[in-house]
Amino acid sequence: MGEMKDKKKVIIVLDNLRRGGIEIAAVRFYELLDKEKYETTFLLRNLLHYDESLVGILDKNGAKIIVKPEKYDNYLKDYFFFKKLFKEEKYDIVHAHKLFYNGIIMRAAYKAGIKKRIAHSHATEENRIMGKAQKAVSDIYHAAMRVVVGKYATDIVGCSEKAGEYMCGKRLFCERGIVLPNYVNTDEYSFSAERRLQKRKELGLTDELLIGHTGTIYWIKNQMFLVSLFAKLLESRPDARLMLIGEETDKGETRALAERLNVADKVMFMGSRDDIPDLLCAMDIFMFPSRFEALPIAPIEAQAAGLPCIVSTGVPEEIQATDAFARLPLDASQEQWIKKIIEFSNFDRTKNDLSELKARYSAQSVAHKLDALYES
């Protein structure tokens with residue numbers, strides 16, 4: 001018998017563990033890691049808002065969780081905190097999912113002697129509305145961090161090409177970047193008529209046309225557009241219902257719009273959920289009218305459930321992996337969007353071909369790429 005090799009120590013850096021796309025992607029990547037090869041720690045900015053199911057996955061698989069102390073509340077203090085922690089714990093790999101802030105982490109990791117430094121991007125645009133002065137400062141920060149990431153990261157990763165290019169620039173990503181797509185456990189999301197019937201019964205639904213959406217409720221995800229469209233749809237499909245799944249971070253604006261349009265009794269605000277596969281089974285059509293996206297997980301999950309999907313052109317074209325999929329511009333008329341809803345309303349999802357989706361976004365496919373990244 002040969003001697004057991006020591007496990008490589010990995011530290012994964014995130015803002016928090018709320019149920020958002022970045023957090024879900026990072027935890028799913030962790031689940032793919034060979035636990036015999038890697039000992040993993042998650043370093044979080046805070047744990048004030050967290051999803052119990054995500055924390056449970058980490059606990060179950062033996063990952064440690066470190067929360068950055070509140071006293072480290074600016075970039076300089078953060079840098080020295082990271083550098084000290086990385087040096088003391090002697091990590092082999094740092095994998096940071098913090099976009100431009102990755103620059104701070106990559107430099108600290110380099111100074112601490114970490115050999116493998118992975119900067120990972122999940123965004124294609126700024127997610128805040130800013131004034132001119134604030135945007136000017138932000139642009140300077142982005143430009144500086146692109147240089148720092150390029151200098152100190154050993155590996156530059158994007159969930160899509162556009163996401164990678166946004167973090168470090170088109171030329172650098174073309175030279176050194178790799179795409180590591182988000183993935184879903186396609187078997188977990190596979191459609192079941194029995195599961196659909198059971199979940200719809202729980203929800204008090206029978207034959208209604210259920211339009212669904214998954215995503216944190218805020219400006220980028222554009223649920224207010226969806227509520228307005230739904231109000232118009234009810235004129236021709238009074239049996240329709242709208243289900244919005246996700247944490248509400250919009251100060252109640254979407255709920256208020258539903259009230260003003262007199263459709264609140266037909267809009268289901270579900271909050272953050274851990275039964276997404278069952279809820280997708282209950283839906284008839286999935287909609288995702290985001291203003292912009294990198295490579296969102298939600299439409300991949302919806303396609304894995306066999307759902308016809310209608311998304312905005314803010315969602316990258318590469319997300320499409322089935323035929324029952326449409327992209328429409330947000331400035332198209334409501335009639336155009338509704339025409340597509342009606343077209344998909346009688347779709348037989350059991351006939352949706354998922355072979356391309358499984359080849360591109362399956363756990364096995366992504367696990368191979370992730371292991372190659374960590375071992376290179």
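If you're wondering where the values come from, they're calculated on a predicted model, not measured in any experiment.
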Sort and list the pairs that fulfil salt bridge (Lys or Arg N to Asp or Glu O under 4.0 Å) and have at least one residue in residues 149-159, not counting sequence neighbours. Lys116-Asp155
By side chain to side chain donor-acceptor pair (under 3.5 Å), Gln303 pairs with (sequence neighbours left out) Thr322
With sequence neighbours left out, the residues meeting ring pair (Phe, Tyr, Trp, His ring centres under 6.0 Å) with Tyr361 are none
Give a yes or no on whether a salt bridge exists between Lys340 and Glu343, defined as a side-chain N under 4.0 angstrom from a carboxylate O. yes
Can you see whether Tyr218 has Lys251 sitting over its ring - NZ or CZ less than 6.0 Å from the centre and within 45° of the normal? no
His213: what forms a ring pair (Phe, Tyr, Trp, His ring centres under 6.0 Å) with it, not counting sequence neighbours? Phe288
May I ask you to establish whether Lys9 and Tyr91 are in a cation-pi arrangement, using a distance under 6.0 Å from NZ or CZ to the six-membered ring centre and at most 45° from the ring axis? yes
If you look only at pairs with a residue in residues 172-185, which of them pass as a side-chain hydrogen bond (donor to acceptor under 3.5 Å, both in side chains), with sequence neighbours excluded? Arg171-Glu175
Counterpart residues, side chain to side chain donor-acceptor pair (under 3.5 Å), relative to Glu247 (two or more places apart): Arg18
For Glu335, check side chain to side chain contact (heavy atoms under 4.5 Å, CB included) against everything at least two apart and list the hits. Lys232, Ser333
Can you name the ring pair (Phe, Tyr, Trp, His ring centres under 6.0 Å) partners of Tyr110, sequence neighbours left out? Tyr152
Please enumerate all residues that pass side chain to side chain donor-acceptor pair (under 3.5 Å) together with Lys135, with sequence neighbours excluded. Asp139
Should the pair Arg241 and Phe230 be classed as cation-pi, given the thresholds of under 6.0 Å to the six-membered ring centre and 45° from the axis? no
For Tyr75, give me all partners under ring pair (Phe, Tyr, Trp, His ring centres under 6.0 Å), at least two apart in sequence or on another chain. Tyr101, Tyr141
Is atom NZ of Lys35 surrounded by more than 12 heavy atoms (other residues, nucleotides or ligands) closer than 6.0 Å? yes
Do Ile310 and Ile211 have side-chain heavy atoms sitting under 4.5 Å apart? no
Quick one: list whatever passes salt bridge (charged side-chain N to carboxylate O under 4.0 Å, His left out) with Arg291, sequence neighbours left out. none
Taking side chain to side chain donor-acceptor pair (under 3.5 Å) as the definition, give me every residue that meets it alongside Glu356, ordered by chain and number, with sequence neighbours left out. Arg360
Assess whether atom CG of Asp265 is packed by more than 12 heavy atoms of other residues, nucleotides or ligands within 6.0 Å. yes
Pairing of Glu31 and Arg28 as salt bridge, 4.0 angstrom limit: no
Just so I know, are the side chains of Val227 and Leu244 near enough to count as touching, which here means a heavy-atom distance under 4.5 Å? yes
Could you check whether Lys83 makes a cation-pi contact with Tyr79, meaning its NZ or CZ is under 6.0 Å from the centre of the six-membered ring and within 45° of the ring axis? no
